[in-house]
Amino acid sequence: MSVVLLVVGVVIGVAYIYRHIVVKGKKCTSKAKLHGKTVIVTGSNTGIGKTTAIDLARRGARVILACRSKQRGEAALEEIRRESGSNQVVFMQLDLGSLKSIRTFAESFLKSEPRLDILINNAGIYMQGQTEDGFGLMFGVNHLGHFLLTNLLLDRLKECAPSRIVNVSSMAHNFGKIDFNCLNSHKALGLGTSFIRLLQIYCDSKLCNVLFNHELGKRLRGTQVTCYTLHPGAISSELGRNTGLFLQIVLKPITTFFFKNTVQGCQTTLHCALQEGIEPLSGRYFSNCTVRDLFAKARDDAAAKKLWEISERLCGLV
């Protein structure tokens, strides 16, 4: 009996250490205040996007909540204003699955807001389907929408330099690959609707984020606009809300105990957006508030340039 109790005690102790040290991770230590600065956070009505927006609003920033759903966006607006104590929080509708919506958002923003100091490309989706423009949904929303948005707002970021672009990716990019033939022929990263195929396409879209950031960093040299991509950690959030109910029920205990909460999960985003002195690391990848090295496929100059050029064509920028 004593042996059993000892084993149970060790297991509980290891789980506690994992939960409170490994899962919790590092915290953004920047004390930066953002009065007079304007920030856009996409997908900020839920998850780490919302907690990121709350933190930035508390620091005095004017925060633009760029969200697809008007109802959820306005509900988040009230919550973020209440939590942060700031009335400098604004909701603007943005559907990253619609090139028209992105252009309308950018046009409206540029007319109404004189500054843009930080752009946080946070929104992400995990589900099958197509965008209204006929792109694979995860390719269209997770990569292409942010690609177009960034390019449309780039001149304003340059005018307000020093400024930053933060691209939220995932360690899932390590399992991704870019099928350029599929992109050219089907405007999608992959075909199929099985669980494995959807997971692969999600990983592919996260690799797109990292390659986009890699190429963007090269193109921004000498502009005082810097960019960073990151893995926020495994987050207990609403990303998987479109998966099957059975899978959500099975995963709930795991995500609750072993995954970061949204406050812990937004720390690397905040680090990349605010940390002083990381400008020389523009174009690099961060995890747990620390710069990390990438596998060769995630810093492939030729692949990053090719993805950029295809994205330009698909968005109608050339």
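Counting from 1, the numbers follow the sequence of the chain as shown.
Between the side chain of Lys297 and the main chain of Gly176, a donor-acceptor pair closer than 3.5 Å is present. The main-chain N or O of Phe175 is found under 3.5 Å from a side-chain atom of Gln200 such that the two form a donor-acceptor pair. Of the possible donor and acceptor atoms, one in the side chain of Arg197 sits under 3.5 Å from a partner among the backbone N and O of Leu191. With hydrogens and angles ignored, the 3.5 Å screen pairs a side-chain donor or acceptor of Asp300 with a backbone N or O of Ala302. Using a distance-only test at 3.5 Å, with no hydrogens or angles considered, no donor-acceptor pair links the side chain of Thr229 to the main chain of Asn213. Between the side chain of Ser108 and the backbone N or O of Phe105 there is no donor-acceptor pair closer than 3.5 Å. Judged purely by atom type and a 3.5 angstrom limit, Thr131 uses its side chain to pair as donor or acceptor with the backbone of Phe135. Counting only distance, with no hydrogens or angles, the side chain of Arg81 and the backbone of Val89 share a donor-acceptor pair below 3.5 Å.
Atom NZ of Lys305 has 12 or fewer heavy atoms from other residues, nucleotides or ligands within 6.0 Å. Annotation for Met171: atom CE does not count as buried by contact number, only 12 or fewer foreign heavy atoms lying within 6.0 Å. The neighbour count for Phe180 CZ, taken as heavy atoms of other residues, nucleotides or ligands under 6.0 Å away, is above 12. Counted within 6.0 Å of CD on Gln71, heavy atoms from surrounding residues, nucleotides or ligands total 12 or fewer; the atom is thus considered open.
A salt bridge links Arg284 with Asp293: at least one charged nitrogen is closer than 4.0 Å to a carboxylate oxygen. With salt bridges taken as basic N to acidic carboxylate O contacts below 4.0 Å, one links Glu83 and Arg58. For Arg115 and Glu159, the salt-bridge test fails: no basic side-chain N is under 4.0 Å from an acidic carboxylate O. Using a 4.0 Å cut-off between a side-chain N of Lys or Arg and a carboxylate O of Asp or Glu, Lys218 and Asp301 qualify as a salt bridge. Using a 4.0 Å cut-off between charged side-chain N and carboxylate O, Arg156 and Glu113 make no salt bridge.
For the residue pair Ser84 and Ile54, the shortest heavy atom distance occurs at CB-O, 3.8 Å. Shown here for Phe286 and Val291, the closest heavy-atom pair between the two residues is CD2-N, 3.4 Å. Leu148 and Arg103 make their closest contact through CD1-NH2, 4.0 Å (heavy atoms, listed as atom of the first residue, atom of the second, distance). Among all heavy-atom pairs drawn from Ala76 and Leu65, the shortest one is C-CD1, 4.3 Å. Taking each heavy atom of Ile48 and Pro232 in turn, the nearest pair found is CD1-CB, 3.9 Å. Across all non-hydrogen atoms, the minimal contact from Lys260 to Asn288 is NZ-OD1, 4.3 Å.
Residues Leu154 and Ile165 form a side-chain contact, since some pair of their non-hydrogen atoms from C-beta on lies under 4.5 Å apart. Contact of the Asn184 side chain with the Arg313 side chain is registered, since non-hydrogen atoms from C-beta on lie closer than 4.5 Å. Leu157 places none of its side-chain heavy atoms less than 4.5 Å from the side chain of Asp117. In this structure, the side chains of Leu230 and Asn167 stay at 4.5 Å or more apart for every pair of heavy atoms. Annotation: side chain of Ser205 is not in contact with side chain of Phe139 (no heavy-atom distance under 4.5 Å). Arg164 is not listed as a side-chain neighbour of Val225, based on a closest heavy-atom distance of 4.5 Å or more. In this structure, His231 and Thr268 have side chains that are not in contact, with every pair of non-hydrogen atoms separated by 4.5 Å or more. Two residues are said to be in side-chain contact when any heavy atoms from C-beta on lie closer than 4.5 Å; Met138 and Leu198 meet this criterion.
Exactly one residue among Val263, Leu270, Val63 makes a side chain to side chain contact (heavy atoms under 4.5 Å, CB included) with Asp55. That residue is Leu270.
Counting only N and O atoms by type, the side chains of Ser98 and Glu132 include a donor and acceptor under 3.5 Å apart. Remark: the Ser163 side chain and the Lys158 side chain contain no N/O donor-acceptor pair separated by less than 3.5 Å. Donor-acceptor pairing under 3.5 Å is recorded for the side chains of Tyr228 and Thr226. Under the 3.5 Å distance criterion, with hydrogens and angles disregarded, a donor-acceptor pair is assigned to the side chains of His146 and Thr42. A donor and an acceptor atom, one from each side chain of Asn121 and Thr150, are located under 3.5 Å apart. Asp204 and His173 are not linked by any side-chain donor-acceptor pair at a separation below 3.5 angstrom, with hydrogens and angles left out of the test.
Using cut-offs of 30° and 60° on the angle between ring planes, the pair His143 and Phe212 is perpendicular.
Qualifying side chain to side chain donor-acceptor pair (under 3.5 Å) partners for Lys306, counting only residues two or more places apart in sequence or in other chains: none. Legend: residues meeting side chain to side chain donor-acceptor pair (under 3.5 Å) with Arg82, ordered by chain and number and at least two apart, are absent.
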* To do: Please assess Lys111 against Glu107 for the test salt bridge (charged side-chain N to carboxylate O under 4.0 Å, His left out), listing each intermediate value before the final yes or no.
  => CA-CA 6 Å; Lys111 284 181 179 178; Glu107 182 180 356; 3.3 Å; yes
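Within the cation-pi definition used here (under 6.0 Å to the ring centroid, within 45° of the axis), Arg219 qualifies as a partner of Trp308.
Considering CZ of Arg68 and CG of Asn45, their distance stands at 8.5 Å, rounded to 0.5 Å.
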